[in-house]
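Presented below is the structure to which this report refers.
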Amino acid sequence: MSLELSEQEAIRRNSLQELYKLGIDPYPAEKFEVNVTTKEILDKFPNNNTLYQEIKIAGRIMSRRIMGAASFVELQDAVGRIQLYFKRDDICTGEDKTMYNTVFKRLLDIGDIIGVSGVVFITQMGEITIHVKEFNVLCKSLRPLPIVKEKDNVVYDAFTDPEQRYRQRYVDLIVNPEVRDTFVKRNQLVNSMRQFLSQKGYLEVETPILQPLYGGAAARPFTTHHNTLDLTLYLRIANELYLKRLIVGGYDGVFEFSKDFRNEGMDRFHNPEFTQMELYVAYKDYEWMMNTVEEMVEKIALDLHGTTKITVGDNVIDFKRPWKRFTMYEAIQHFTGTDISEMDEKQLTEVACKAGVEVDPSMGKGKLIDEIFGQTCESQLIQPTFITDYPIEMCRLPKNTAINQAWSNGLKPSATAKKYVMLFQNLTTPLINASVLKRSLNWDAVAIQKVWFWMKTSFVPLSSVCHQRQVLALVSIV
């Protein structure tokens, strides 16, 4: 089966062969010692133009302007871009001008990776530039890159097609530098969170991904098979149950950054594989956990941005403590002016219909309240806000509040009209846990038998266990 090449791909392969004929290995095994980055040059050189008189830098060619015996190149490394100045007589000091006339002008293309040695200076136009004295071909690119043009801070022919960007993420990273910054920020976010929790004395752990019985959430799992044991296993849908067992074992606090898998639908907010952080702490309550989440998120904002105020779209979000706190009743009354605290199911149905909720006869009182909240309040929660006291029908496993037995100690901090964290003060009475699960799920006899051992080993009476889950998206990060 022959590979059909485009015109550009054929030209690049011909250039590859010509490089070999000239005795140049376009994929050398020797290391190229880099002693500076583009960011270091751009940051420091304006303040001291005696620096960087002998530099070595490597990167990808992003644009070229060839003008006879002199040319300009835009080079991109991992942290930025910088202009290179090539002069034929400086590259080729002798009679042989092959390296400039043939290799540089004819055989190199946009997308190729080169290493250069030279000196930094400022052009007459005021642009910081590297005057190249020598260059090496480090990697010949055989496929053309999308060419993104920019003039007067206006971008033309941008690489914006979502299908291509997500299927060819490596190309997206090359031509859209701001995407690389998202990956860096995500790494910084995880490190900041890990540092915060470790300094509080909580233990980071790793729990099994392959599980004989999936649990900790209501979701359809991915299934696999262990050949040696002849055993069906499941990719975990949550790591909750193993973390609870560690609390039972005597740790005061444990957390894990876990990769979880759910074999369900997909949209821009739901991925079949995703990363989440779960934290369990003994002897605390959900008020304590709210304070802890506020403190942690404020620290993350300061670590990543140097300020608690972050611009998201048209809004400036301030993560400085303390955050707003509403019960679900209070939030609905605040945003709609309607007090539903004393309403029965019939009255709630009328309010839901007026709010545009598609009412189903199977909805109970709790589901109606949740739908009213979602329809009228969630989109207006722009600043960080805790929503507490969820209907117990919607959240059966947290402890009930001491104030109102119809509500549970479950809460969800929201910002920019999205949920980012789920907190629970877990129900720790084992017999009630078992009863709730049996009542909530329509199990057959075989399923109940399989799960009963898990119930007996998981639901042990802890003094007070608090559960906090922070979802970290792979592409979109707070």
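Values below: every heavy atom of this structure, side chains too, minus hydrogens, waters and symmetry copies. Source: prediction; values computed, not measured.
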Are side-chain N/O atoms of [X] and [Y] paired as donor and acceptor at under 3.5 Å?
X    : Y    : value
S141 : D112 : no
R236 : T207 : yes
S71  : K105 : no

Flag yes if more than 12 heavy atoms outside [X] fall under 6.0 Å of its [atom1] atom; otherwise flag no.
X    : atom1 : result
E178 : CD    : yes
M67  : CE    : yes
R167 : CZ    : no
E54  : CD    : no

Cationic N near anionic O, under 4.0 Å, [X] to [Y]:
X    : Y    : result
K140 : D109 : yes
E295 : K299 : no
E287 : R325 : yes
E33  : K56  : no

Can you list every ring-ring contact (aromatic ring centres under 6.0 Å, His included) pair that touches residues 67-107, not counting sequence neighbours?
F72-Y85, Y85-H131, F86-F104, F86-F135, Y100-F104

Determine yes or no for a side-chain-to-main-chain donor-acceptor pair under 3.5 angstrom, with Q76 supplying the side chain and M62 the backbone.
no

T307 side-chain N/O to H305 backbone N/O, donor-acceptor pair under 3.5 Å:
no

Quick one: ring-ring contact (aromatic ring centres under 6.0 Å, His included) partners of F326, sequence neighbours excluded?
H334

